[in-house]
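For reference, the structure discussed in these notes is given below.
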Amino acid sequence: MTISDIPTADDFFTSGKELLDFSWDVVAKLLSDIDQAECYGVEPVEISDSYWSAAKRSLTTALSITQQGVEFILKGEIAEVSPFLLIADVPTKWPSPYKGNGISFSEFRTIDAQDLVRVIDTFAGEPLGTDFGKQFHRLREKRNSIMHSVDKRLTVDVSEVVESLLFMHKELFPTESWAAERLKFLESAPDTELGAYEYARNRVCWEMDLAIGLLQPAKVSKYFGIDKTQRRYKCPLCMREANTDAGFEHKLAVLRPKGPGSAQLYCPVCNALYTVVREDCDQKSCPGNVLSDDGECLTCGG
Ligand SMILES: [Zn+2]
Ligand SMILES: [Zn+2]
């Protein structure tokens with residue numbers, strides 16, 4: 001065979017997830033900045049409208065990049081069957097194999113984004129399903145109007161970006177937790193070279209806290225595996241891994257199953273279950289009765 005640079009499924013998955021992370025980074029920064037409004041001496045409700053209207057370009061770009069990331073991941077699913085299914089056109093239009101230099105895969109025109117779902121549903125073991133198809137189509141249309149026009153009426157809400165990204169990630173990688181994936185990205189981001197590594201847990205827990213606040217309970221349950229109405233606790237591992245110099249207040253873990261006798265805590269950032277001890281906290285002012293196996297209170301952190 002004279003074809004070189006044949007992409008692997010993992011190449012596409014890695015690139016696709018990097019783009020999802022890039023989009024998340026944009027919206028997470030917007031959400032965390034406004035969450036700190038009071039530190040800047042402004043009331044969040046008073047600036048909210050103008051804040052989000054100034055963020056319009058960032059939000060539409062984040063949505064477009066999400067779509068781009070999803071396209072890469074779908075190409076990865078096709079490449080798992082065969083990367084040659086990604087080649088468009090009839091053979092007479094392919095680059096010539098008779099010139100003697102071989103052909104790089106990138107010289108082939110690849111199939112259009114609109115056909116990706118159909119190719120997967122035809123060849124892959126698991127079809128993507130109609131719900132996915134509809135969402136993908138809707139996201140692609142929106143991306144096209146963002147990239148090819150300056151429609152002033154086009155608005156993208158921050159929760160739309162967050163929900164689209166979480167929906168797509170869950171559909172494409174059902175066994176993964178987005179929070180856990182985001183942590184991996186933060187732990188290998190360029191600013192870890194500047195000392196941000198020790199704040200990666202703080203950052204991811206803060207971001208997920210904000211996202212949970214934004215979403216309806218059914219979506220929280222779907223994307224984070226926790227019941228939004230349930231009492232939440234600090235995760236023993238996240239608390240240990242976080243930088244606690246300025247405190248660590250994020251509570252994302254829930255008892256599983258729910259109930260007074262339950263002795264297991266699920267953390268969506270770790271995507272793991274921890275055994276907990278059901279004893280009263282020794283701080284008088286704290287009503288907590290869920291302790292880590294080291295005896296730290298997961299309600300007050302004491
Ligand atoms: Zn955790
Ligand atoms: Zn306590």
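Every value quoted in this text rests on a predicted model; they were computed, and no experiment measured them. Side-chain atoms are counted along with the backbone in the values below, which use heavy atoms only and exclude waters and symmetry mates. Remember, it's 1-based here, ligands and their atoms both numbered in the order they're listed.
- Note on ring orientation: taking the six-membered ring where Trp is involved, the planes of Phe185 and Trp178 are tilted (angle from 30° to 60°).
- The aromatic ring centroids of Phe173 and Phe13 lie less than 6.0 Å from each other.
- When Asp25, Val158, Leu59 are each tested for a side chain to side chain contact (heavy atoms under 4.5 Å, CB included) with Leu30, only one passes: Leu59.
- Among the atoms of Cys235, an N, O or S atom falls under 2.8 Å from the Zn ion (ligand 1).
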Item to check | Asp35/Ser32 under side chain to side chain donor-acceptor pair (under 3.5 Å): CA gap, chis, key distance, verdict | outcome: CA-CA 5 Å; Asp35 190 47; Ser32 57; over 6 Å; no

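- Put simply, the angle at the Zn ion (ligand 1) from SG in Cys238 to SG in Cys267 is close to 110°, to the nearest 10°.
- For the pair SG of Cys281 and SG of Cys300, the angle at the Zn ion (ligand 2) is about 110°; rounding is to 10 degrees.
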